[in-house]
Structures are given as structure tokens and as C-alpha cells.
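First up is the structure itself, then whatever we jot down about it.
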Amino acid sequence: MREERFVAKLSVVRGDITQRSVDAIVNAANSSLLGGGGVDGAIHRAAGPDLLAACQTLNGCPTGSAKATAGFKLPAKWVFHAVGPVWNGGHSGEPEKLAGCYRACFALAQEHGVTSIAFPAISTGIYHFPKGPAAEIAVRESQALAEAAGVERVEFVCFDEATAMVYERVLGEA
Ligand code: APR
């Protein structure tokens with residue numbers, strides 16, 4: 001049987017990732033996976049305490065990778081907890097580690113049959129990764145991996161206008 005091919009749709013969305021009705025939302029977590037501020041805090045608040053309990057069974061996650069939990073009270077069925085790099089000037093492997101987060105999330109998407117996923121701007125807040133280079137990595141990895149992973153819809157959910165404009169510029173140039 002001819003396998004149905006599709007073109008993955010990548011889009012920029014302004015708003016709160018906890019409200020996205022997609023199969024999986026990605027959390028910008030830290031290596032403990034025990035919660036934090038920023039989008040990590042928002043996701044834990046929205047998902048409820050069962051999310052922390054699930055994370056406590058995961059024994060953390062190395063930078064540049066991601067682990068999956070259920071979404072609990074979130075609209076999303078899954079949360080992929082990605083641990084981005086702290087920006088340290090760009091010569092300590094930060095770009096490769098950030099790319100690793102996206103690769104790990106698409107691997108988890110394929111493993112769990114996820115066809116729609118929403119990413120925050122991983123590492124660009126408290127971890128100070130420059131927005132432009134981070135968006136370029138996000139778009140490049142998503143374009144390279146989404147279709148092979150079976151992901152039909154990728155949302156880049158931006159919480160502020162400045163980030164949204166960067167992602168729109170990068171996606172427009174891609
Ligand atoms: N929805 C979507 N994006 C959000 C939301 C939200 N509800 N809240 C914040 N953001 C955005 C930020 O504005 C930023 O653009 O997510 C992006 C990532 O910022 P951070 O949440 O600060 O994440 P990061 O820079 O990866 O730092 C991770 O912060 O919260 C702690 O535990 C976390 O130690 C880890 C570190």
C-alpha cells in the first residue's frame with residue numbers, strides 16, 4: 001500500500017503553551033526535572049501535582065535530551081521535558097545541546113505516536129540562549145525531523161512578541 005506522505009506544517013503561535021490542544025507540549029526544564037520558574041513553572045501549575053510526582057520517578061535528564069510524562073490536567077496528552085543548555089558564549093557545545101533537545105523530542109514523538117507538538121523557545125529565557133540562533137536550531141531540526149517522525153503539526157509557541165517576531169523571521173527565511 002502506498003504510504004500516505006504529508007508535508008509537516010510548522011507555525012508560530014503567540015500565547016501560553018499550557019493551553020495548546022496538541023498531542024504533546026515540550027517543557028523547557030532543568031536536569032533535575034523537579035520544576036522551576038518560567039514555562040516549567042507554568043506547565044507544572046497547569047498540569048497539577050501529579051506531574052511532579054511523575055517527574056520524580058524519572059531520575060532527572062541530561063542536558064540536550066528529553067523525557068516524557070503524561071500531561072495530567074493539561075489539554076496535551078504528553079509533556080516532553082527537554083533540558084536545554086545554559087548559554088555560556090556559544091563555544092561550550094550549547095548549539096549542539098539545544099539541537100539535541102529537538103532531536104530527542106522528535107524521537108519521543110515517534111515512540112508515542114504523537115502527530116502534533118508544541119515547543120516553547122527552549123533555553124532563551126532564564127538560560128539566556130540568543131533568540132535568533134535558538135529559533136534557527138528549532139526550525140532547522142523540526143524541518144529535518146518532523147515528517148520522518150510522523151509529526152504533521154509543529155507549533156512554536158511564543159510567550160512574548162519579541163520572540164514571536166524572531167521565529168516568524170526565521171520561519172519565513174527557511
Ligand atoms: N508558554 C509558552 N512559553 C513560555 C511560557 C508559557 N506559559 N512561560 C514562559 N515562556 C517562554 C519564555 O518567555 C521564554 O521565551 O519560554 C521560553 C523559555 O524560557 P524559560 O522558561 O526561562 O526556560 P529556559 O530559558 O529554557 O530556562 C530553563 O528555567 O524555569 C526554569 O526549571 C527551568 O531551570 C530551568 C530554566
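When a ligand or atom number is given, it counts from 1 through the structure's own listing order. All values reported here derive from a predicted model rather than from experimental measurement.
Below 30°, between 30° and 60°, or above 60°: for Phe156 and Phe119 the angle between ring planes is below 30°, a parallel geometry.
Of all protein heavy atoms, the one closest to atom 29 (O) of ligand 1 is Ile126 CD1, 3.3 Å. In terms of protein heavy-atom proximity, atom 6 (C) of ligand 1 is closest to Phe159 CD1, 3.5 Å. In terms of protein heavy-atom proximity, atom 7 (N) of ligand 1 is nearest to Asp16 OD1, 3.0 Å. When hydrogens are left out, the protein atom nearest atom 25 (O) of ligand 1 is Gly125 N, 2.8 Å; that is the closest non-hydrogen contact. Ranking the protein heavy atoms by distance from atom 15 (O) of ligand 1 puts Thr124 OG1, 3.4 Å first. Annotation: atom 26 (O) of ligand 1 to nearest protein heavy atom, Ser123 N, 2.8 Å. Nearest protein heavy-atom contact of atom 16 (O) of ligand 1 is Val39 CB, 4.0 Å.
Here the shortest heavy-atom pairing between Cys105 and Phe80 reads O-CE1, 3.6 Å. Shortest non-hydrogen contact noted between Asn27 and Asp40 is ND2-OD1, 2.7 Å. Across every non-hydrogen atom of Gln110 and Ala148, the tightest pair is NE2-O, 3.6 Å.
Each of Val26 and Val83 belongs to its own hydrophobic cluster when Ile, Leu, Val, Met, Phe, Trp and Tyr are linked at side-chain heavy-atom distances under 4.5 angstrom. The hydrophobic cluster containing Phe106 does not contain Val79, counting ILVMFWY residues as joined when their side-chain heavy atoms lie under 4.5 angstrom apart, directly or transitively. Hydrophobic clustering (side-chain heavy atoms under 4.5 Å, transitive across Ile, Leu, Val, Met, Phe, Trp, Tyr) keeps Val12 apart from Phe159.
Glu136 places no side-chain N or O within donor-acceptor distance of the main-chain N or O of Val170, the cut-off being under 3.5 Å. Without hydrogens or angle criteria, Glu147 side chain to Ala8 main chain gives a donor-acceptor distance under 3.5 Å.
No heavy atom of Cys158 sits closer than 4.0 Å to any atom of ligand 1. Residue contact check for ligand 1: Gly35 places a non-hydrogen atom closer than 4.0 Å to it.
Within the 4.0 Å cut-off (strictly below), no protein heavy atom is located near atom 12 (C) of ligand 1.
Of the listed options Ile25, Asn27, Ile17, Ile17 places a heavy atom closest to atom 2 (C) of ligand 1. Of the listed options Phe119, Trp87, Tyr127, Tyr127 places a heavy atom closest to atom 27 (O) of ligand 1. The heavy atom nearest to atom 18 (C) of ligand 1, out of those in Pro120, Ala134, Ala121, Ala28, is found in Ala121.
Ligand 1 places these atoms under 4.0 Å from at least one heavy atom of Ala42: 7 (N). Each of the following atoms of ligand 1 lies closer than 4.0 Å to a heavy atom of Asp160: 13 (O).
Under 4.0 angstrom from ligand 1, there are no non-hydrogen atoms of Ile43.
For ligand 1, the polar-atom distance check against Asp40 finds a nitrogen or oxygen pair separated by under 3.5 Å.
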